[in-house]
Protein chains: 2
Amino acid sequence: MLQIPVTIDRSSPVPLYHQLYEQLSAAIETGRLKPGDAFENELALADRLQLSRPTVRRAIAELVSRGLLVRRRGVGTTVASQVIHRRDELTSLFDDISRRGQKPTTEVLDFVPDLENPVAAEALGLPADTPLLFIERLRLAGDVPTAVMQNWIPPRFADLTESEVAKGSLYAALRARGARPAVAHQTIGARRPSAKERRLLALAAGDPLLTMSRRAYDGDGSAVEFGDHCYRYDQYTFDVTVHES
Amino acid sequence: MLQIPVTIDRSSPVPLYHQLYEQLSAAIETGRLKPGDAFENELALADRLQLSRPTVRRAIAELVSRGLLVRRRGVGTTVASQVIHRRDELTSLFDDISRRGQKPTTEVLDFVPDLENPVAAEALGLPADTPLLFIERLRLAGDVPTAVMQNWIPPRFADLTESEVAKGSLYAALRARGARPAVAHQTIGARRPSAKERRLLALAAGDPLLTMSRRAYDGDGSAVEFGDHCYRYDQYTFDVTVHES
DNA sequence: GAGAAAAGAATGTTCTAACAAATGACATTC
DNA sequence: GAATGTCATTTGTTAGAACATTCTTTTCTC
């Protein structure tokens with residue numbers, strides 16, 4: 001039974017259970033604790049760190065809900081298999097390309113303030129005649145065209161500039177304006193490309209298109225963005241991790 | 001301030017916090033409580049139902065984590081915007097078709113016990129030479145061919161029968177054998193169909209294919225299934241809800 | 001020796017009890 | 001009238017305790 005060293009700072013404004021969670025989480029993700037290892041039990045941990053059982057329990061519960069630990073009543077707690085770890089995140093194509101070590105470039109094809117689009121407005125939970133900021137961009141990874149992205153942005157971000165959008169991630173710009181995207185509903189599908197899309201993405205005849213439409217919202221439910229994206233099928237796939245329970 | 005009627009059965013084996021969660025959850029999802037409505041506060045709820053505050057708190061915490069409620073310190077708890085609700089679930093195509101009100105039919109194209117497939121075995125975390133059960137099926141929604149599904153199943157489910165697989169959901173059969181799929185990693189993409197796929201799915205020339213490969217695992221990390229599925233692009237899309245935080 | 005019963009260990013549920021921190025409303029002061 | 005301060009309300013954090021449930025291990029009995 002490996003005892004992970006943990007230091008608790010009671011004068012910190014960070015809740016004790018969160019301090020504990022972070023240090024245990026790090027111990028697992030750095031491999032200090034390996035999948036299958038038995039985990040120190042609640043009582044022992046509470047006693048060793050001079051914390052109450054509910055506090056320790058809460059930290060462990062967080063680790064379990066994140067998929068890092070598995071609890072079995074009567075048996076004990078063990079570090080979950082590697083394949084369980086990992087979780088969905090709200091990422092953008094910009095981040096995805098960067099992470100692959102390629103250099104993302106953006107070409108702004110269209111930038112229209114105050115465009116009405118009933119479908120997009122409704123998806124964002126706004127009145128159908130709300131004027132939205134419309135952006136259409138072509139994304140390249142290095143020299144390879146990867147995606148055509150159309151986005152509709154609600155009025156509260158209307159001060160976005162074209163150069164800002166050309167420079168980097170749309171989400172970075174929205175976050176800089178106080179948006180805190182918390183939930184996104186994505187619909188992923190495939191279809192035949194239009195002539196324009198075929199040209200922009202340099203598709204051969206018969207090549208399919210991978211599509212994703214996304215509605216993103218803040219924690220309080222206010223709309224952040226509606227997007228309609230098309231990807232080259234040989235340049236992009238979606239990884240989704242689904243949890244039961 | 002609307003008081004939701006709740007009945008708590010203390011003799012039930014169902015935990016009190018879960019009884020409470022279910023009834024409150026139902027009140028929100030049936031629209032009895034509407035988005036933006038103020039929610040009865042913890043103390044009042046605890047007092048009214050003769051429950052302790054931690055118990056009430058746990059039920060509310062569950063509702064918050066499911067996105068049905070929003071809590072703000074010093075202010076109170078309110079019912080979250082509609083768009084936040086819903087969460088990822090581990091579903092199968094069989095369930096999806098049923099839910100749309102269509103009748104799913106299955107045609108077993110291939111059923112091979114003890115087939116070696118290093119790629120599938122490795123994805124399942126098994127030795128490359130592990131003999132796997134291979135199943136290939138054509139799924140129809142009513143009369144319309146919808147998907148071609150290839151699945152590789154680990155040896156512990158080797159007693160699956162062809163008729164069982166033909167009858168219903170593969171997941172139902174696996175669950176009946178004690179599998180409790182908890183996590184699945186899915187990769188969604190698009191590609192051009194092969195000649196065989198074009199024929200099976202009655203695709204026109206140039207029609208694209210929506211693809212999904214999935215690795216599913218039990219709560220303890222043991223492999224449940226590796227699948228490689230192809231869908232008619234006009235019959236199916238993937239809905240994914242992504243959460244930040 | 002095999003099976004049943006008991007003991008032990010671990011997590012699961014529930015309660016009572018304080019105190020802390022954030023917020024909004026109201027009152028006070030300048 | 002505007003800024004400031006106070007207070008009640010509400011959620012957030014932490015503690016300590018008791019008992020229930022489940023699974024493993026050991027012991028006892030036949």
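None of these values were measured; they are calculated from a predicted model.
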Quiz prompt | Nearest atoms (heavy-atom pairs only) where B:Tyr217 meets B:His185 | solution = CE1-CD2, 3.9 Å
Practice problem: Without swapping roles, check the side chain of A:Thr55 against the backbone of A:Leu51 for a donor-acceptor pair under 3.5 Å. | Solution: no
Quiz item: In whole angstrom, what separates B:Arg71's CZ from C:dA21's C1'?
Solution: 15 Å
Practice problem: Compare every heavy atom of B:Gln50 with every heavy atom of B:Arg10, then report the nearest pair and how far apart it is. | Solution: NH1-O, 3.3 Å
Quiz prompt | 5' priority, DNA chain D, between A:Val75 and A:Arg10 [closest heavy atom] | solution = A:Arg10
Quiz prompt | Results of ring-ring contact (aromatic ring centres under 6.0 Å, His included) for B:Phe157 - residues two or more places apart only | solution = none
Self-check item: Cationic tip of B:Arg58 above B:Tyr17 ring, under 6.0 Å, 45° of axis
Solution: yes
Practice problem: In plain terms, say whether A:Glu40 and A:Arg48 are close enough for a salt bridge, that is, a side-chain N and a carboxylate O under 4.0 Å apart. | Solution: yes
Quiz item: In whole angstroms, how far is the C1' atom of C:dA10 from the CG atom of A:Leu69?
Solution: 14 Å
Cut-off 3.5 Å, no hydrogens considered: what does the side-chain donor-acceptor table look like for residues 115-124 of chain B, sequence neighbours left out?
residue  : atom : partner  : partner atom : Å
B:Asn117 : OD1  : B:Val119 : N            : 3.1
B:Asn117 : OD1  : B:Ala120 : N            : 3.2

Quiz item: Any salt bridge between A:Glu42 and A:Arg71, counting N to O under 4.0 Å?
Solution: yes
Quiz item: Going 5' to 3' on DNA chain D, which nucleotide is the first and which the last to come under 4.0 Å of a heavy atom in chain B?
Solution: D:dT9 to D:dT13
Self-check item: Structure string for DNA chain C in dot-bracket form, Watson-Crick and G-U at under 3.5 Å, | interchain
Solution: ||||||||||||||||||||||||||||||
Exercise. Write down the distance between CZ (B:Arg72) and C1' (C:dA25), rounded to a whole number of angstrom.
Key: 15 Å
Quiz item: Taking all atoms of both residues into account, what is the closest heavy-atom pair of B:Gln23 and B:Pro5, and its distance?
Solution: OE1-O, 4.1 Å
Quiz item: Looking at residues at least two apart in the chain, or sitting in another chain, which of them share a side chain to side chain contact (heavy atoms under 4.5 Å, CB included) with A:Leu43?
Solution: A:Asn41, A:Arg53
Quiz item: Going by number, which of residues 43-58 of chain B have a non-hydrogen atom under 4.0 Å from DNA chain D?
Solution: B:Leu43, B:Arg53, B:Arg57
